[in-house]
Participant: 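Just dropping this structure here.
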Amino acid sequence: MLQEITSQYNANKIEKNIHRFWEENNAYKRVRESREGASKFFFVDGPPYTTGHIHLGTAWNKVIKDSILRYFSMNNYDIHERAGWDMHGLPIEVKVEGILGFQSKKDIETYGVGNFINKCKNFAIEQKDNMTEQFKSLGVWLDWENPYMTLRDEYIEAAWWTLKQAYDKDLLEEGQRVVNWCPRCETAIADSEVDYFEITDPSIYIKFRLKEEENTYVVIWTTTPWTIPSNMAVAVHPSFEYSKVKATNPEGNDEVLILASDLVEDVLKQGRYTDYEVLEKMSGKDLEGLSYHHPLADAVSKQAEFEHNIYTADYVTAEKTGCVHIAPGHGMEDFEVGVENGIPVFCPVGADGKYLDEAGKYSGEHIRDANQTIINDLKHRGVLLAEESINHRYGHCWRCKTPNIYLATVQWFLKISDIKQNMLSEIQKVDWYPEWAGTSRFKDWVEGARDWCISRQRYWGIPIPVWKCSSCGSIDVVGTKQELIKKSNAGKHIELHRPYVDDLTIECDCGGSMSRVEDVFDVWFDSAVASWATLGYPQSEEDFHRWWPADFITEGHDQTRGWFYSQLGASMVAFEQSPYESVMMHGFTLDKYGKKMSKSQGNVVDPLEVVDKYGADTLRAYVLSTSAPWDDLKFNWEGVNQVYSNLNILWNVYRFPIPYMVLDNFDPKQVSMDLISKHLRKEDKWILSRMQSVIKDVDDAMSDYQLHKAIRAINEFVLEDLSRWYIQLIRPRTWVESEDPDKLVAYRVLYDVFVTLSKLIAPFTPHMAEEMYQNLVRNVDQYAPITVHMNDWPLPEEEKVDKELESHMQIARSIVESSANARQKVKRKLRWPVSRIVVAPDDKEASNAVDNLRSVLMDQTNAKDIELLDPDEEWSELGLEAIPDPSAIGPVFKKNAGDVINAIKSSNPSELKESIDSYGESSVSLSDSSAATVTSDMVNFQRTLPDTVASAEFEGGIVYVDATLTSDIESEGFAREVIRRVQDMRKELDLSVEENVKSLIKIDDERVAELVKNMETYISKEVRADTLVIGTNISTDGDYVKDWNVEGIPMEIAISPLESSSGNV
RNA sequence: GGGCCCGUAGCUUAGCCUGGUGGAGCGCACGGCUGAUAACCGUGAGGUCCUGCGUUCGAAUCGCAGCGGGCCCA
């Protein structure tokens, strides 16, 4: 049996119940199992990092995933998905360091790496558990029981195995490179981990004294004085023009400077030179080979051993001086210039950002502190041309926010440059949504990609499985746990994290002992192997062969550089093909002003707050419907509230007919669609047709992941077609109290629409869908699938589609709206019937619509009759007015113009028009009895409405509403006014719908009292009055008495519930 | 500084690919309905389509330049 719904839409209560229902019935698992063996759909969840709290962006991300998976599931796909968790890496180390109050790696070493790792592990697991509950509260169905976790042995093995593939294919390389380095975390930082924001740095110009020429300097500029001790060369652009200028410095001495011609003025101004003269102009190429004295050679004795020359490089820009200081140990491009020209790498800076002994007088000093020391030293040596400061964007460690430095270090790299071309061609095979995500954005990123530094000098991560012999230097890469156990001195039970693996040694062929390289993997490498790690590969191959590669993944646009890239790179190394076949890139959540949400701005919105206030379905529908998935989402509470109202309307539409159905013991099993198909009214066929159109719209939208369009289509159907129209049309049918086939048909049609609707909304608002389904379907049929989500997606039924009817209904609605508009003009409420409406259609289509839907129109316009004119026929009852045009009459009739105007006004407009239409002119008689000839330009004709008629245009013609009052109409109008007030009072007394009353109505107007009396039977029936007395002079005793003013007539109405009056007897 | 995306009513947006008088919803004002009633519905006002230049008979739409926002990079 259907259950009556009396309550308002209470999202939190419904969702809590639904969650419990899913839990108790194991709904998620049973749905997945029900699709086993169907076409495969392998989805890989991009693993969120276990920071502890989901934010709006991750909520949106998971809701998109959940909606798409639910949709595919209902469309009979066998879905493989596991929730994923990214649990290693520096961010967690930094958090744990914070909890433990640590400042540096030394604190960790003192505390013990094993203890530290345990803390990290526990922290990650705890956060994972918290976040799981948060995601679940959004109604997200993923395999939360059995997620993939990057800290698990089988996952670590997948990473190890992948590295071994790289090694076997000669794509793994150990080498010295310049990397982003965090001096606090004392580790290399991936390009993708660098966080750029603005800081203030020194900005200095330095003169390097040439060896070849007296008193001549090449001028360079830098924001990192601390790299000057490491300077090894100067680079100029080969084709720029440089000038050699003789200039007078502030001390009044002349010196010769070399710099880019265009920048001479500016630099000399910076250095407060008073006068200058250009001695010579040359190209950068001409400068190549010149040598100079290192300005700090006396302080850094090692520098005295090196040669310092000028080289050319294409990357040099025409900014500042056009001459670039080269320190191969501290810059990526510097390093490349060094490699090309055989310049030694001199890098006297340690991992902690302090100078090493090689740095001479600066040894032991932190580079940041050394900046000022070095500026002073340069000043003393007279080579500091100018000093100022600059605000610029600079790279920082993305977790601890320490400014990065570039450091030449020995690291492990994946040789992306070797596989880049293949990556680019794989990108083309992938389906990208939107298309530009792949063809423009991702392609650009991959084209610019460099070799991937995968090593980190940290603790909490997947240990890099490279063992190196201390004697001969040869290396071995271990691919699995078993391999390690077999090769090493390990026992059977080993832990794959640091520090345990650090102690394991492998015997080298040379007889020496191999021990592990101390590094751990860059966390991006962890998630990079997710698509096969989640399938248990390489341990088990069966799932891999069945599912891989992924059919679909979706993440935010920041993952272009991140997971889209790292997965592709790792997969090319391992399998030489893309690990995904289609990718949807979604947007970012911003605040209502379009600014990014950040803790420091205080504009962060917690998704759980939205759930708390409005419910998960509202949050889901909001994020899915507000913008296209790939556009950024400007979060706006007003928008959330609006989505909530829409869901509320759906709820009300759904609960409206149920009390009647329950009252009538309506059983959808007894009343099949077949049974009623012959008795369908036009409006019934119409809503069924519209329902089909919506299914198609949703399918079309979903076929290219336009989730916003799918939801908007459903929403429009609910609001426009169901709530605003169909429900209005069938309300009177649901009130009929007898066994009425017409009522049953309406019930059945509504029922069918609701059941279909519950399936259509299931992917998007799964709780509301389940709530409706359980009542509508499961309460009626215990053999139906246990959850709405186990149902098949509704298939469009072509035979139900009637496009002509849809179009006619559209016209009918327009006529009803326009007649309401016209009613407002003559101030006649809808409650008062009108004697007729007259429809003047533009064409046959509109005319047919009126014919076809006459009863709907009469109902909804509350008209006693509808007159339909032929297309373009003018309504015969319209009046005509002749309007003279003085600007045409004046010039012709001069003095008599006024007379002519009056004559036109007082003429018979119809005759005048007929004559002008026929002959182009007409004659009117003037006051002096003479005649004047009026031509067509002198007069305009306008149709006029009878006094009690108002008109309005609808799409397809004009509608006239005749509001002429007759006594019948007044009777009915007043009767309905009375009824409305009695109903209002019944409501105030909180009477049930069936309860009978006694009512006394005193009307202070003889005529109106008579009019109302005429409708006595009608009124009694409508208000369920067993006793009804209407009169001008009656007593109005009753349980509830109220004074009213109806259209200016005072009335006094008394009602008494019969139960209480019978109790008095 | 570069790549990609976004900019339409107070707010959220459709239309842009394929040029032809800019549509909705919310909010606001006024009104209707009163057996969905703490619900539902109608009408109305409200727009430099970010700015400028160009192409075109015609530009929200195409092109160029700029401004603002976002992501990514340098």
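The model shown is predicted, which means the values in this text are computed figures rather than measured ones. Within every chain, numbering begins at 1; the chains are lettered A, B, ... in the order of the sequence lines, protein sequences first and strands thereafter. No hydrogens, no waters, no symmetry mates; every other heavy atom, side chains included, goes into these values.
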Participant: Return the nearest nucleotide to the side chain of A:Q728; candidates are B:C71, B:C40, B:C33.
Facilitator: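 The nucleotide sitting nearest to the side chain is B:C40.
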Participant: Is a donor from one side chain sitting under 3.5 angstrom from an acceptor on the other, for A:N61 and A:H586?
Facilitator: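 A pair is found: one side chain offers a donor N or O, the other an acceptor, under 3.5 Å apart.
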Participant: Under 4.0 angstrom, heavy atoms only, what part of the nucleic acid is A:R980 near: base, sugar-phosphate, or nothing?
Facilitator: base
Participant: Report yes or no: does A:T439 contribute a side-chain atom to a donor-acceptor pair with the main-chain N or O of A:E435 at less than 3.5 Å?
Facilitator: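 Answer holds: yes.
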Participant: Quantified in whole Å, what is the P atom distance between nucleotide B:G15 and nucleotide B:C62?
Facilitator: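 Straight-line distance between the two P atoms is 12 Å.
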Participant: Are there any protein N/O atoms within less than 3.5 Å of an N/O atom in nucleotides 43-47 of chain B, and if so, which ones and at what distance?
Facilitator:
residue, atom, partner, partner atom, Å
B:U43, OP1, A:E817, OE1, 3.0

Participant: RNA chain B: A:L722 or A:S627, which has the more 5' nearest nucleotide?
Facilitator: A:S627
Participant: For B:A9, give its Watson-Crick or G-U wobble partner with both distances under 3.5 Å, or none.
Facilitator: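 Pair assignment: B:A9 / none.
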Participant: Rounded to the nearest Å, what distance is computed from the OH atom of residue A:Y622 to the P atom of nucleotide B:C11?
Facilitator: 14 Å
Participant: Under 4.0 Å, heavy atoms only, any strand: does A:E716 hit a base, just the sugar-phosphate, or nothing?
Facilitator: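 Since no nucleic acid heavy atom lies under 4.0 Å of A:E716, the category is nothing.
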Participant: Side chain of A:L590 only, heavy atoms from C-beta on: which candidate in B:G25, B:G70, B:A14 is closest?
Facilitator: B:G70
Participant: Side chain of A:F588, heavy atoms from C-beta onward: which of B:C40, B:C71, B:U13 has the nearest atom to it?
Facilitator: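 Closest nucleotide among those given: B:C71.
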Participant: Without placing hydrogens or testing angles, list every side-chain donor-acceptor pair under 3.5 Å for residues 637-650 of chain A, not counting sequence neighbours.
Facilitator:
residue, atom, partner, partner atom, Å
A:N641, OD1, A:Y614, OH, 3.3
A:Y644, OH, A:Y9, O, 3.3
A:S645, OG, A:N641, O, 2.9

Participant: What distance, rounded to whole Å, do you find between the two P atoms, one in B:C11 and one in B:G27?
Facilitator: 16 Å
Participant: Give the rounded distance in Å between these two atoms: OH of A:Y565 and C1' of B:C71.
Facilitator: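 It works out to 18 Å between those atoms.
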Participant: Is the shortest side-chain N/O distance from A:K443 to OP1 or OP2 of B:C72 below 4.0 Å?
Facilitator: no
Participant: Could you measure between the two C1' atoms, the one in B:A38 and the one in B:C6, and give it in whole Å?
Facilitator: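 Rounded to whole Å, the distance is 40 Å.
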Participant: Between B:C71 and B:G63, how far is it from one P atom to the other, in whole Å?
Facilitator: 26 Å
Participant: Considering only side-chain heavy atoms of A:L830, which listed nucleotide, B:G70, B:C11, B:G32, is closest?
Facilitator: B:G32
Participant: Please give the nucleotide sitting opposite B:U43 as a Watson-Crick or G-U wobble pair, both distances under 3.5 Å, or none.
Facilitator: B:A29
Participant: If I take atom CG in residue A:L729 and atom P in nucleotide B:C33, what distance separates them, rounded to the nearest angstrom?
Facilitator: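 Whole-Å distance recorded here is 18 Å.
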Participant: Nearest whole Å is fine: how far is B:C40 C1' from A:W651 CH2?
Facilitator: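 Taking atom C1' of B:C40 as the reference, CH2 of A:W651 is at 17 Å.
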Participant: Where the side chain of A:K829 is concerned, which of B:C40, B:G32, B:C73 is the nearest nucleotide?
Facilitator: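 Of all the options, the side chain of A:K829 is nearest to B:G32.
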Participant: Send over the distance from A:D859 CG to B:C41 P, rounded to a whole Å.
Facilitator: 18 Å
Participant: Rounding to an integer number of Å, can you tell me how far A:H708 NE2 sits from B:U12 P?
Facilitator: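 Interatomic distance, NE2 of A:H708 to P of B:U12: 16 Å.
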Participant: Please report the distance separating the C1' of B:C57 from the corresponding atom of B:C26, rounded so that it comes out in whole Å.
Facilitator: 40 Å
Participant: Write down the distance separating the C1' atoms in B:G42 and B:C33, rounded off to the nearest Å.
Facilitator: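 Between the two C1' atoms, the distance is 10 Å.
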Participant: Report the relative orientation of the aromatic rings in A:F635 and A:Y622; use parallel for angles under 30°, tilted for 30 to 60°, perpendicular for over 60°.
Facilitator: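 Perpendicular.
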Participant: A:D558 near the nucleic acid: base, sugar-phosphate alone, or nothing, with a heavy-atom cut-off under 4.0 Å?
Facilitator: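 Result for A:D558 = sugar-phosphate.
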Participant: Considering every strand and a 4.0 Å limit on heavy-atom distances, what is the contact class for A:R986: base, sugar-phosphate, or nothing?
Facilitator: nothing
Participant: Measure the distance from CD on A:Q706 to P on B:C16 and round it to the nearest whole Å.
Facilitator: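 Atom-to-atom, A:Q706 to B:C16, this comes out as 12 Å.
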Participant: Who pairs with A:Y705 by ring pair (Phe, Tyr, Trp, His ring centres under 6.0 Å), at least two apart in sequence or on another chain?
Facilitator: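 Checked A:Y705 against ring pair (Phe, Tyr, Trp, His ring centres under 6.0 Å); matches are A:Y433, A:F552.
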Participant: Is it true that A:R813 and A:E720 have a side-chain N and a carboxylate O under 4.0 angstrom from each other?
Facilitator: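 Salt bridge between A:R813 and A:E720, a charged N being under 4.0 Å from a carboxylate O: yes.
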Participant: Using a cut-off of strictly less than 4.0 Å, decide whether A:R655 has a side-chain nitrogen or oxygen near OP1 or OP2 of B:U37.
Facilitator: yes
Participant: Heavy atoms from C-beta onward define the side chain here; which of B:A39, B:G70, B:U13 lies closest to that of A:R712?
Facilitator: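 For the A:R712 side chain, the nearest candidate turns out to be B:U13.
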Participant: Could you work out, with ring pair (Phe, Tyr, Trp, His ring centres under 6.0 Å) as the rule, every residue matching A:F974, not counting sequence neighbours?
Facilitator: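 Result, ring pair (Phe, Tyr, Trp, His ring centres under 6.0 Å) vs A:F974: A:W832.
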Participant: Output yes when A:E972 and A:R831 qualify as a salt bridge under the 4.0 Å nitrogen-oxygen rule, no when they do not.
Facilitator: no
Participant: So what does A:I727 hit on the nucleic acid, given a heavy-atom distance under 4.0 Å: a base, only sugar-phosphate, or nothing?
Facilitator: base
Participant: B:G25, B:G32, B:A74: which one has an atom nearest the side-chain heavy atoms of A:R450?
Facilitator: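 Side chain of A:R450 sits closest to B:A74.
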Participant: Regarding A:V816, tell me which of base, sugar-phosphate or nothing describes its non-hydrogen contacts under 4.0 Å with the strands shown.
Facilitator: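 No contact at all - A:V816 keeps every heavy atom at 4.0 Å or more from the nucleic acid.
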Participant: Roughly how many Å apart are B:U48 and B:G1, using the C1' atom of each and rounding to a whole number?
Facilitator: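 Looking at atom C1' only, B:G1 and B:U48 are 32 Å apart.
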Participant: So what does A:R1024 touch, heavy atoms closer than 4.0 Å: a base, only the sugar-phosphate, or nothing?
Facilitator: base
Participant: Salt bridge between A:R712 and A:E716, side-chain N to carboxylate O under 4.0 Å?
Facilitator: no
Participant: For a quick test of reading the model: is some side-chain N or O of A:R831 closer than 4.0 Å to OP1 or OP2 of B:C33?
Facilitator: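 Answer is yes, contact under 4.0 Å.
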Participant: Give none if B:C71 has no partner; otherwise give the nucleotide forming a Watson-Crick or G-U wobble pair with it, both distances under 3.5 Å.
Facilitator: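 Check on B:C71: paired to B:G3, both distances under 3.5 Å.
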Participant: Within the sub-3.5 Å range, which N or O atoms of nucleotides 4-6 of chain B have a protein N or O partner, and how far apart are they?
Facilitator:
residue, atom, partner, partner atom, Å
B:C4, O2, A:R441, NH1, 3.2

Participant: Identify the nucleotide, in any strand shown, that forms a Watson-Crick or G-U wobble pair with B:G63, with both distances under 3.5 Å; if there is none, say none.
Facilitator: B:C53
Participant: Select from A:Q983 and A:S645 the residue whose nearest nucleotide in RNA chain B is closer to the 5' end of that strand.
Facilitator: A:Q983
Participant: Taking ring pair (Phe, Tyr, Trp, His ring centres under 6.0 Å) as the definition, give me every residue that meets it alongside A:H557, ordered by chain and number, with sequence neighbours left out.
Facilitator: A:F588
Participant: Are A:D451 and A:R177 within salt-bridge range, i.e. N to O under 4.0 Å?
Facilitator: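 Judged by the 4.0 Å cut-off on N to carboxylate O distance, A:D451 and A:R177 do form a salt bridge.
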Participant: Rounding to an integer number of angstrom, what distance separates B:G23 and B:U61 when you compare their C1' atoms?
Facilitator: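 That atom pair is separated by 15 Å.
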Participant: Give the nucleotide from the list B:C72, B:G25, B:C41 with an atom nearest to the side chain of A:R724.
Facilitator: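 Comparing B:C72, B:G25, B:C41 against the side chain of A:R724, the answer is B:C41.
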Participant: To the nearest Å, give me how far apart CG (A:L647) and C1' (B:C26) are.
Facilitator: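 In whole Å, B:C26 C1' and A:L647 CG are 15 Å from each other.
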Participant: Can a donor-acceptor pair be found between the side chains of A:N996 and A:D1026 at a distance below 3.5 Å?
Facilitator: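 Present: a donor and an acceptor within the cut-off.
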Participant: I'd like to know if the side chain of A:E555 reaches the main chain of A:Q559, judged simply by a donor and an acceptor atom lying under 3.5 Å from each other, with no hydrogens or angles considered.
Facilitator: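 A pair under 3.5 Å: no.
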